[in-house]
Amino acid sequence: QVQLVESGGGLVQAGMSLRLSCAPSARIFSLNKMAWYRQAPGNERELVASIEVRGFTHYADSVKGRFTISRDNEKNTVYLQMNSLKVADTAVYYCNADRVFLDGSDYEDYKYVELWGQGTRVTVSS
């Protein structure tokens with residue numbers, strides 16, 4: 001069962017930076033949009049940033065100017081560079097990929113899945 005694997009979370013002080021990474025656990029054929037979501041205790045999961053295959057990006061207002069999403073299409077890897085972290089950024093961060101074609105046969109049949117990671121915890125202290 002292919003899944004997304006995140007890394008890079010941790011405990012930092014406010015104002016510092018972290019870089020999250022996410023990649024599939026096994027080889028896949030292709031995927032479309034990749035994104036980072038986060039969920040703080042007591043809150044619903046929210047979109048942080050997304051990036052299309054061709055590089056078009058979208059950011060939540062709360063992270064604009066501080067976070068940068070990028071991807072390596074050859075490695076099917078997505079990154080989230082988080083600068084000037086705030087206590088309010090504390091959450092579990094989840095990686096998401098949609099329209100994932102697991103192999104060439106699935107691509108020909110237009111059979112795709114959506115993948116999520118298990119989450120990586122980011123804690124920002126004051």
Side-chain angles (χ1 to χ4, degrees):
Q1 181 86 17
V2 178
Q3 58 182 341
L4 297 176
V5 180
E6 303 108 334
S7 62
L11 170 63
V12 297
Q13 290 187 325
M16 297 185 69
S17 300
L18 279 176
R19 188 187 191 219
L20 306 183
S21 300
C22 168
S25 59
R27 186 167 180 163
I28 61 171
F29 185 77
S30 70
L31 51 78
N32 189 15
K33 183 165 62 177
M34 302 188 79
W36 288 95
Y37 288 75
R38 68 185 181 187
Q39 187 167 19
N43 291 355
E44 294 185 354
R45 191 173 296 189
E46 63 175 358
L47 176 66
V48 176
S50 64
I51 184 167
E52 306 280 347
V53 171
R54 297 182 179 180
F56 296 114
T57 58
H58 170 79
Y59 294 93
D61 288 341
S62 59
V63 306
K64 283 181 181 177
R66 300 188 298 120
F67 291 10
T68 302
I69 189 170
S70 60
R71 63 189 288 170
D72 183 331
N73 288 333
E74 289 189 4
K75 298 179 180 178
N76 290 316
T77 299
V78 65
Y79 307 95
L80 186 67
Q81 178 67 42
M82 305 185 294
N83 298 330
S84 302
L85 282 161
K86 303 176 180 180
V87 174
D89 295 319
T90 296
V92 177
Y93 285 70
Y94 297 91
C95 180
N96 170 268
D98 77 354
R99 206 158 299 177
V100 181
F101 296 96
L102 298 180
D103 56 40
S105 175
D106 285 348
Y107 182 78
E108 291 179 358
D109 294 338
Y110 204 67
K111 178 183 174 184
Y112 58 87
V113 297
E114 181 181 21
L115 298 179
W116 285 91
Q118 295 296 313
T120 184
R121 185 173 300 276
V122 173
T123 304
V124 184
S125 63
S126 59

S.K.: For M34 versus N76, what's the shortest heavy-atom pair and its separation?
M.R.: CE-O, 3.7 Å
S.K.: If you compare all heavy atoms of S70 against all heavy atoms of I51, which two are closest, and at what distance to 0.1 Å?
M.R.: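 Smallest interatomic distance, heavy atoms only, reads CA-CD1, 3.9 Å.
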S.K.: List the steps, then state whether side-chain contact (heavy atoms from CB on, under 4.5 Å) holds for T120 with V92.
M.R.: CA-CA 5 Å; T120 184; V92 177; over 6 Å; no
S.K.: Is the terminal nitrogen or CZ of R38 (NZ for Lys, CZ for Arg) located under 6.0 angstrom from the six-membered ring centre of Y94 and within 45° of that ring's axis?
M.R.: no
S.K.: Hey, is the main chain of W36 close enough, under 3.5 Å, to the side chain of N96 for a donor-acceptor pair?
M.R.: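 Looks like no, no N/O pair under 3.5 Å.
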S.K.: Report the distance from atom OH of Y93 to atom CE of M82, rounding to the nearest 0.5 Å.
M.R.: 5.5 Å
S.K.: In Å and rounded to the nearest 0.5 Å, what is the CG to CG distance from L115 to L102?
M.R.: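 Going from CG on L115 over to CG on L102, the span is 6.5 Å.
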S.K.: Looking at every non-hydrogen atom in both residues, tell me the closest pair between L31 and R71 and how far apart they are.
M.R.: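 Closest approach of L31 to R71, heavy atoms only: CD1-NH2, 3.1 Å.
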S.K.: Any donor-acceptor pair under 3.5 Å linking the side chain of S50 with the backbone of A35?
M.R.: no
S.K.: In terms of hydrophobic clustering (I, L, V, M, F, W, Y; side-chain heavy atoms under 4.5 Å; direct or indirect links), are F67 and V12 co-clustered?
M.R.: yes
S.K.: Got a second to check how far D109's CG is from D106's CG, nearest 0.5 Å?
M.R.: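 D109 CG to D106 CG: 6.5 Å, rounded to 0.5 Å.
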S.K.: Can you label the angle between the Y110 ring and the F101 ring as parallel, tilted or perpendicular, going by 30° and 60°?
M.R.: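 If you compare the ring of Y110 with that of F101, the planes turn out tilted.
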S.K.: Counting only heavy atoms from other residues, nucleotides and ligands, does the tally under 6.0 Å from CD of Q118 exceed 12?
M.R.: no
S.K.: For the side chain of Y59 and the backbone of I69, is there at least one donor-acceptor N/O pair under 3.5 Å apart?
M.R.: yes
S.K.: Would you find a donor on one side and an acceptor on the other, under 3.5 Å apart, between the side chain of S25 and the backbone of L4?
M.R.: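 No.
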S.K.: State whether Y112 and R99 meet the cation-pi test: NZ (Lys) or CZ (Arg) under 6.0 Å from the six-membered ring centroid, and within 45° of the perpendicular axis.
M.R.: yes
S.K.: Using modelled atom types only, decide if a donor and an acceptor are shared between the side chain of R121 and the backbone of L11 within a distance under 3.5 Å.
M.R.: no
S.K.: By the definition side chain to side chain contact (heavy atoms under 4.5 Å, CB included), identify the one residue from D89, T90, L18 that meets it with V122.
M.R.: L18
S.K.: Given the rule that I, L, V, M, F, W and Y join up when any side-chain heavy atoms are under 4.5 Å apart, are F29 and V53 in one cluster?
M.R.: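 Result: no, two separate clusters.
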S.K.: Is the centre of the W116 ring less than 6.0 Å from the centre of the Y37 ring?
M.R.: yes
S.K.: When rounded to the nearest 0.5 angstrom, what is the spacing between NZ in K86 and OG in S62?
M.R.: 8.0 Å
S.K.: Given V78 and C95, is the side-chain contact (heavy atoms from CB on, under 4.5 Å) satisfied, shown in steps?
M.R.: CA-CA 8 Å; V78 65; C95 180; 3.7 Å; yes
S.K.: Looking just at side-chain N and O atoms, do S17 and N83 make a donor-acceptor pair shorter than 3.5 Å?
M.R.: yes
S.K.: With a cut-off of under 6.0 Å to the ring centre and 45° to the axis, is R19 in cation-pi contact with Y79?
M.R.: yes
S.K.: Measure the spacing between CD of Q81 and CZ of R66 and express it to the nearest 0.5 Å.
M.R.: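 Here the rounded value is 12.0 Å.
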S.K.: To check you understand the geometry: which heavy-atom pair defines the closest contact between P24 and I28, and what is its length?
M.R.: CG-CD1, 3.9 Å
